[in-house]
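In this chain, numbering begins with 1 at the start of the sequence shown. This is a predicted model, so every value here is computed, not measured. Just follow the structure's listing: the first ligand is 1, and inside any ligand the first atom is 1.
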Amino acid sequence: MFNKVLIANRGEIAVRIIRACRELGLETVAVYSEADRQSLHVRYADEAYLLGPAPARESYLRSHKIIDIARKCGAGAIHPGYGFLAERADFAAACADAGLTFIGPKPDSIANMGDKAMARATVANAGVAVVPGTEGRGNLGDEELLAIAPQLGFPLLIKAQAGGGGKGMRQVSHLDEMPTLIAAARREAESSFGDGNVYLEKVVQGARHIEIQILADTHGNAIHLGERECSLQRRHQKLLEEAPSPFVGDDEELREKMGAVAVQAARAVDYVNAGTVEFLVDKDRQFYFLEMNTRLQVEHPVTEMITGIDIVAEQVRIARGRQLAYQQDDIQRRGAAIEARVNAEDPYNNFMPSTGKITHILAPTGPGVRVDTGVYTDFEITPYYDPMISKLSVWGETRGQAILRMRRALEEYKIVGVHTNIPFHQTMMDSHRFLAGQYDTRFVEERYSIVEMEKDKEKFPEIAAVMAVLVAHRRALETTHVMRRNERDTSNWKWFGRWERMRG
Ligand code: MV4
């Protein structure tokens, strides 16, 4: 049993994990790169050790050095956070070999889900629906892929076996273009993952990306904490997540079915600790296993906010060999939560990364608002790590109230020194498609333009003002219901006028 935890990560997630450990009465050890000497995670931990220069390869990815530090300072466990070493089966195994508890699943579960083709075959065997494809056929050569493709039908996707996150993915519309695209996918997969193997899947068009949070202990108990809607992405980077999914809505049957299937998928790899099962959900509410992430996810706070469960604390308890404190029937969801990822990037300039010193920062607080961050005034945003400044999460009794809170919180948020995507989130909170909950994974890239939305506002300043006042009004609760029905592809302002008339 361990009493001291080393956090093998940086930034907001390292801070989040330190907080959970402190509340559990455990000592904490931070590790950091030369670029992170002044970071919050270093200040909040009981002890901190330098790993090396800024590049991840020379710091946060140095698994042997991290394990060495843990042993020398008497930490009995390592929490990997997300990214870096979180989904490296060899690292989880090396921890065990060194007599350390890896706060996460077993190495075999990580490896089994890390190979996306193997993961599909494994869960399909356990009775989980996967998108029709080449699962269970082993590594396929070009000739075999070309032979199978017409049977699957087009359009289809070439995906990297070692992949995930869209890397090495290619969409194919005709057999003729397939050889070139297979070669390109293999090349990208080889350079990203050192594994050029690919497999095929039929395309699910206009799908939503909905994922289920899982908790499983070492005693064979496994439960789910409901879903998160993650369809708002750009180039496979999530920008905003919410729970519950407005698409699932009050379809409890669909929610329970997805939850049960996710637990089934987790059990198929003998899963322990926190994990997430991703699904594609089509317009007919059919859902298909996409992949399983064998780690704590960035967007876990929205699930925490609607269930009241501290997922990181549960991870630590599970790693200490405790039974889950909850059975499935104990899990209750209340209200709605939204998380906006606040990134140092310029939404007016194609989301270009924005580096430099944050000269001033004032984060929102108040009822129903949570900010997870690792930065502060004078913090330098460098190009070495991901550009996330913070996760701004809000809770409301209804989705409408959560949206109003998000608007208020975004307005309060002041960040000077770097560009941020706060204006993106602000226009999203005005987007009638978002308000109506009618968005899929193509929304940001294909249907959204911050410039066009802001022009709309200039054209109708008086309506914009009226709307701002009205939505702040208590009766805005009603609006979400109106907005969810009869939504049409008209401008926000036409839609708003119609809503006004309906309110009469
Ligand atoms: C798909 C798909 C449609 N059909 N698979 C993208 C990242 C990787 N995790 C899988 N991805 C997709 N796989 C089939 N059979 C559409 C996507 C996809 C997507 C998925 C989730 C969130 C955002 C996305 C954006 C574009 C494409």
### Query
So, is the end of the R120 side chain (NZ or CZ) under 6.0 Å from the ring centre of Y199 and within 45° of the ring's axis?
no
### Task
List for me each residue that meets side chain to side chain donor-acceptor pair (under 3.5 Å) alongside E87, sequence neighbours excluded, and say none if there are none.
T294, R295
### Message
Regarding D195 and Q161, do their side chains bring together a donor and an acceptor under 3.5 Å, going by distance alone?
### Response
no
### Task
Enumerate the protein residues lying less than 4.0 Å from ligand 1, judged by heavy-atom distances, in chain and residue-number order.
V131, L157, K159, G165, G166, M169, E201, K202, V203, V204, H209, Q233, H236, L280, L290, E291, T441
### Task
Examine the side chains of Y413 and S390 and answer whether a donor and an acceptor come within less than 3.5 Å of each other.
yes
### Message
Given E242, which partner from the list M406, R228, E339, R399 fulfils the side-chain contact (heavy atoms from CB on, under 4.5 Å) test?
### Response
R399
### Message
Under 4.0 Å between a side-chain nitrogen and a carboxylate oxygen: does that hold for R334 and E397?
### Response
yes
